[in-house]
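Here the structure comes first, spelled out in structure tokens, and everything after it is commentary.
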Protein chains: 2
Amino acid sequence: MMKLSTKGRYGTRVLLDLGLHWGEGPILLKDIARRQEISLPYLEHLIAPLIAGGMVKSIRGPRGGVSLLKRPEEIRLSEVIQLLEGPIAPVECVHNPEAYPRSPLCVTHDIWDEVRRAIDGVLESTTLQDLVDRQKQKWNLEHLPRHEKQGATWEDA
Amino acid sequence: MMKLSTKGRYGTRVLLDLGLHWGEGPILLKDIARRQEISLPYLEHLIAPLIAGGMVKSIRGPRGGVSLLKRPEEIRLSEVIQLLEGPIAPVECVHNPEAYPRSPLCVTHDIWDEVRRAIDGVLESTTLQDLVDRQKQKWNLEHLPRHEKQGATWEDA
DNA sequence: TCTATTGTTGACCAATTTGGTCGCCAACAG
DNA sequence: CTGTTGGCGACCAAATTGGTCAACAATAGA
Ligand code: FES
Ligand code: FES
């Protein structure tokens, strides 16, 4: 039920990667693809909505690449998921109130909206900087230099 | 993102229907199908996991039908969704901890688990009886006799 | 200006999931 | 035995997912 697709999962990892390299100028898609183990052609599609959403900037040509347009602490996970997976809602009608005139009569509607608010609460209160901080902390606990662990941000076993 | 499928949505309506007819003996699938506007063949598939999960009892033959095995106040929405849609988790690894040895190193894992707990919190604290009560209250506000409105529990416009 | 580099786009594809229908079988009341 | 009712598996179409590929656009630097 209600699984996140690879868009959301990979995309979050891509942004975490960009957050970890914040301030280093344009990052090559090729490098992100290698570190996050995402195929380059697929990554190009993943990054598109993030660029369209004004979250990421891209530069073509030599010395090009992509970088965050906003500071990591200004990027909330709710925006990220919104861009990558669309509206955060367990059912259509919750996100699209006016299109469903029956909502006021529908009991389950109220519950699904509560679920939506619960999800949104978590994602809204988490920023990309939070993820970056947690990642660095985990690396420190491992007593390993950061650059040796940069590939270890996967969610797939 | 993370939409509920018709299994979860229709199935919840089916249980709400059974909750509203609690104590009336076996309810015909045919009647549920008509009231909830679900095709009978599809309904038979929807009800299967609920029977397998011990939530609903079925009786075949004349004067048969289905009915709740537990009282509506003992049926939590979390169980319902669990039976109909599988584990409540935005990513596999959250539900399947031991199969994903990388979890402790993975930052996003923590976030997805927070999301899972948020969802579960809502569904765990809502029982079928809550839905029944809300439905009756909505009907009362409409000042209409109950039996005229029994079809109006849809979530689809 | 030429070229190598890097991102952009859209067409295309296979696999999976979703949302069903249909036909036959099993159980049971009368 | 017969009619009624649910159980179950095969089957199906459509949508979604998860990609690949080739052609193109932009740009930096020689
Ligand atoms: S291991 Fe589960 S999200 Fe990373
Ligand atoms: S109208 Fe949205 S769930 Fe019923």
Side-chain angles (χ1 to χ4, degrees), chain A residues 1-14 17-18 25-34 36-69 84-87 90-92 154-156, chain B residues 1-14 17-18 25-34 36-69 84-87 90-92 154-156:
Chain A
M1 161 231 191
M2 297 178 59
K3 291 284 181 293
L4 231 38
S5 72
T6 52
K7 283 194 184 66
R9 295 186 283 120
Y10 291 7
T12 305
R13 271 155 59 192
V14 168
D17 192 287
L18 285 177
I27 309 296
L28 289 179
L29 286 185
K30 196 197 316 173
D31 290 343
I32 300 176
R34 178 175 36 76
Q36 302 301 327
E37 295 191 341
I38 303 172
S39 85
L40 183 54
Y42 195 36
L43 174 57
E44 288 163 354
H45 285 301
L46 283 179
I47 204 99
L50 300 178
I51 295 172
M55 187 171 288
V56 165
K57 178 183 58 176
S58 72
I59 302 175
R60 295 204 248 201
R63 295 179 46 192
V66 295
S67 51
L68 295 178
L69 212 42
L84 291 167
E85 304 254 0
V91 293
E92 277 302 325
W154 311 308
E155 63 214 26
D156 304 307
Chain B
M1 160 230 193
M2 299 177 57
K3 291 284 180 293
L4 231 38
S5 72
T6 52
K7 284 194 185 66
R9 295 186 283 119
Y10 291 8
T12 305
R13 273 156 56 192
V14 169
D17 192 287
L18 285 177
I27 309 295
L28 290 179
L29 286 185
K30 197 197 314 171
D31 291 342
I32 301 176
R34 177 175 37 78
Q36 302 302 326
E37 295 192 341
I38 303 171
S39 85
L40 183 54
Y42 194 36
L43 174 57
E44 289 165 354
H45 285 304
L46 282 179
I47 203 101
L50 300 177
I51 294 171
M55 186 171 289
V56 166
K57 178 183 57 177
S58 75
I59 301 176
R60 296 202 247 201
R63 296 179 46 195
V66 296
S67 51
L68 296 177
L69 256 181
L84 291 167
E85 304 255 0
V91 292
E92 278 301 325
W154 311 308
E155 63 214 26
D156 304 306

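In what follows, chains are A, B, ... by sequence order, proteins preceding strands, each numbered from 1.
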Check: Starting at the 5' end of DNA chain D, which residue's closest nucleotide do you reach first, B:Lys30 or B:Pro41?
Finding: B:Lys30
Notebook entry, point to check: Any N or O donor-acceptor pair linking the side chain of B:His45 to the base of C:dT21 at under 3.5 Å?
Noted result: yes
Margin query: Less than 4.0 angstrom between a side-chain N/O of B:Tyr42 and OP1 or OP2 of C:dT18, yes or no?
Written below: no
Check: Within this structure, what is the CG-to-P distance between B:Leu4 and C:dT18, rounded to whole angstrom?
Finding: 11 Å
Check: When the distance from CG of B:Leu43 to C1' of D:dG6 is rounded to whole Å, what number comes out?
Finding: 10 Å
Notebook entry, point to check: Looking at C:dA29, C:dG20, C:dT6, which one has an atom nearest to any side-chain atom of B:Arg63?
Noted result: C:dA29
Next item on the list: Round to a whole Å and report the spacing from CZ of B:Arg13 to P of C:dG19.
Entry: 12 Å
Checklist line | Interatomic distance where CD1 belongs to B:Ile59 and P belongs to D:dT5 [whole Å] | finding: 13 Å
Next item on the list: Please state whether the phosphate of C:dG20, meaning OP1 or OP2, lies under 4.0 angstrom from any side-chain nitrogen or oxygen of B:Tyr10.
Entry: yes
Checklist line | Whole-Å distance separating the NZ atom of A:Lys3 from the P atom of C:dT17 | finding: 11 Å
Item checked: Whichever of B:Pro62 and A:Ile51 has its nearest DNA chain C nucleotide further upstream toward 5' -> A:Ile51
Next item on the list: Quickly work out the B:Leu46 CG to C:dG19 C1' distance and round it to whole Å.
Entry: 10 Å
Margin query: From CD of B:Glu92 over to P of C:dT17, roughly how many Å is that when rounded to an integer?
Written below: 10 Å
Next item on the list: Starting at atom CG of B:Leu40, determine the distance to atom C1' of C:dG23, rounded to an integer number of angstrom.
Entry: 14 Å
